[in-house]
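Report on the structure given below.
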Amino acid sequence: MELKVISIDFWGTLFLHTGSPLFRKTIRTQLYNDHLQSLGDRNYKIISENFYETIDTYVKDCWKRGICPTRGSIIENVFLKYNYEVPKNILENFLEFTYKIYSKELLPEPIIGAQEFVQYLSKRWPLYIISDTFTLFGSVLDQVLIKYNLLTYFSGQFYSDQVGRSK
């Protein structure tokens, strides 16, 4: 049988998260605190302490039930968790800021040899990414691929948040 296409998973095949979970939480908390200061508002310290964990838990719970979370449903859930005390526009801002953190300060690291492997394979067959996205949506994963000059090697990406199904 002749090979026609290769599909690759983003996590564990191409990239790994930077540092330990505690390291990432420490960086996120500091960046969230700085972001609150830049917004001129310290009233929502709860965001710095558990925003990521709150959205992460919600997204994973949705997928366990077979439901594809949307940005809107994530914001609604966090709004409810914070007892309607944090305005939705602040929560939306923090969700977007979270995505930026993972394409800059907590940029995932490529697995050794992954970039060369992708370049090698792409010369021989069409490549596709099929990946569950969970808390970091496909648009964030695309930004990571762009940062490492890898997006152009893929003929397409199929992310769970965009397809509406887990893989």
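These values consider heavy atoms only, across backbone and side chains, with no hydrogens, waters or symmetry-generated copies. Keep in mind that what you see is a predicted model, and the values were worked out from it rather than measured.
Remark: Arg24 CZ to Leu22 CG distance equals 10.0 Å, nearest 0.5 Å. Rounded to the nearest 0.5 Å, atoms CZ (Phe94) and CG (Leu31) are 10.0 Å apart. Annotation: the span from Asp9 atom CG to Ile129 atom CD1 amounts to 8.5 Å, rounded to 0.5 Å.
Aromatic ring centres of Tyr52 and Tyr32 lie farther apart than the 6.0 Å criterion allows.
The closest donor-acceptor contact from the side chain of Thr57 to the backbone of Thr54 lies at 3.5 Å or more, if one exists at all. Side chain of Ser122 to main chain of Gln119: a donor-acceptor pair is present (N/O by atom type, distance under 3.5 Å, no hydrogens or angles). A donor-acceptor pair is defined here as one N or O able to donate and one able to accept, closer than 3.5 Å; such a pair exists between the side chain of Thr18 and the backbone of Leu107. Counting only distance, with no hydrogens or angles, the side chain of Ser155 and the backbone of Tyr128 share no donor-acceptor pair below 3.5 Å.
With respect to Glu76 and Lys88, a salt bridge is recorded, a charged nitrogen being found less than 4.0 Å from a carboxylate O. Between Asp56 and Lys60, at least one side-chain nitrogen of the basic residue sits less than 4.0 Å from a carboxylate oxygen of the acidic one, meeting the salt-bridge criterion.
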Apply side-chain contact (heavy atoms from CB on, under 4.5 Å) to Arg165 and Phe158, showing your working.
CA-CA 10 Å; Arg165 301 228 185 257; Phe158 299 95; over 6 Å; no
For Phe15 and Leu141, what are the C-alpha separation, side-chain angles and deciding distance, and is it a side-chain contact (heavy atoms from CB on, under 4.5 Å)?
CA-CA 10 Å; Phe15 292 94; Leu141 302 187; over 6 Å; no
Could you walk me through whether Arg71 and Glu96 pass the salt bridge (charged side-chain N to carboxylate O under 4.0 Å, His left out) check?
CA-CA 10 Å; Arg71 288 176 71 114; Glu96 191 59 37; 2.8 Å; yes
Test side-chain contact (heavy atoms from CB on, under 4.5 Å) on Leu136 and His17; report intermediate values, then the result.
CA-CA 11 Å; Leu136 300 177; His17 281 294; 3.9 Å; yes
Would you sort out whether Leu95 and Phe51 count as a side-chain contact (heavy atoms from CB on, under 4.5 Å), showing the intermediate values?
CA-CA 9 Å; Leu95 184 59; Phe51 183 77; 4.2 Å; yes
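Contact check for Pro69 versus Asp161: no side-chain heavy atoms found under the 4.5 Å cut-off.
Under the ring pair (Phe, Tyr, Trp, His ring centres under 6.0 Å) criterion, Phe23 pairs with no residue at all, not counting sequence neighbours. Here Glu109 pairs with nothing under the side chain to side chain donor-acceptor pair (under 3.5 Å) rule; sequence neighbours left out. Partners of Lys25 by salt bridge (Lys or Arg N to Asp or Glu O under 4.0 Å), not counting sequence neighbours, listed by chain and number: Glu53. For Ser166, the side-chain contact (heavy atoms from CB on, under 4.5 Å) partners at least two apart in sequence or on another chain are Trp63, Asp132. Remark: Phe79 engages Tyr84 in a ring pair (Phe, Tyr, Trp, His ring centres under 6.0 Å) (not counting sequence neighbours).
Judged by distance alone, the side chains of Asn77 and Tyr82 never bring a donor and an acceptor atom under 3.5 Å apart. Asp34 and Gln30 share a donor-acceptor pair across their side chains, judged by distance under 3.5 Å alone. Residues Tyr102 and Thr135 bring no donor and acceptor atom of their side chains to less than 3.5 Å of each other.
Within 6.0 Å of OH on Tyr153 lie no more than 12 heavy atoms contributed by other residues, nucleotides or ligands. Within a 6.0 Å sphere centred on CG of Leu80, other residues, nucleotides and ligands contribute more than 12 heavy atoms.
Under a hydrophobic clustering in which Ile, Leu, Val, Met, Phe, Trp and Tyr are joined whenever their side-chain heavy atoms come within less than 4.5 Å, directly or via other members, Leu121 and Phe154 fall into the same cluster.
Through direct or relayed side-chain contacts under 4.5 Å between Ile, Leu, Val, Met, Phe, Trp and Tyr, Ile111 connects to Leu16.
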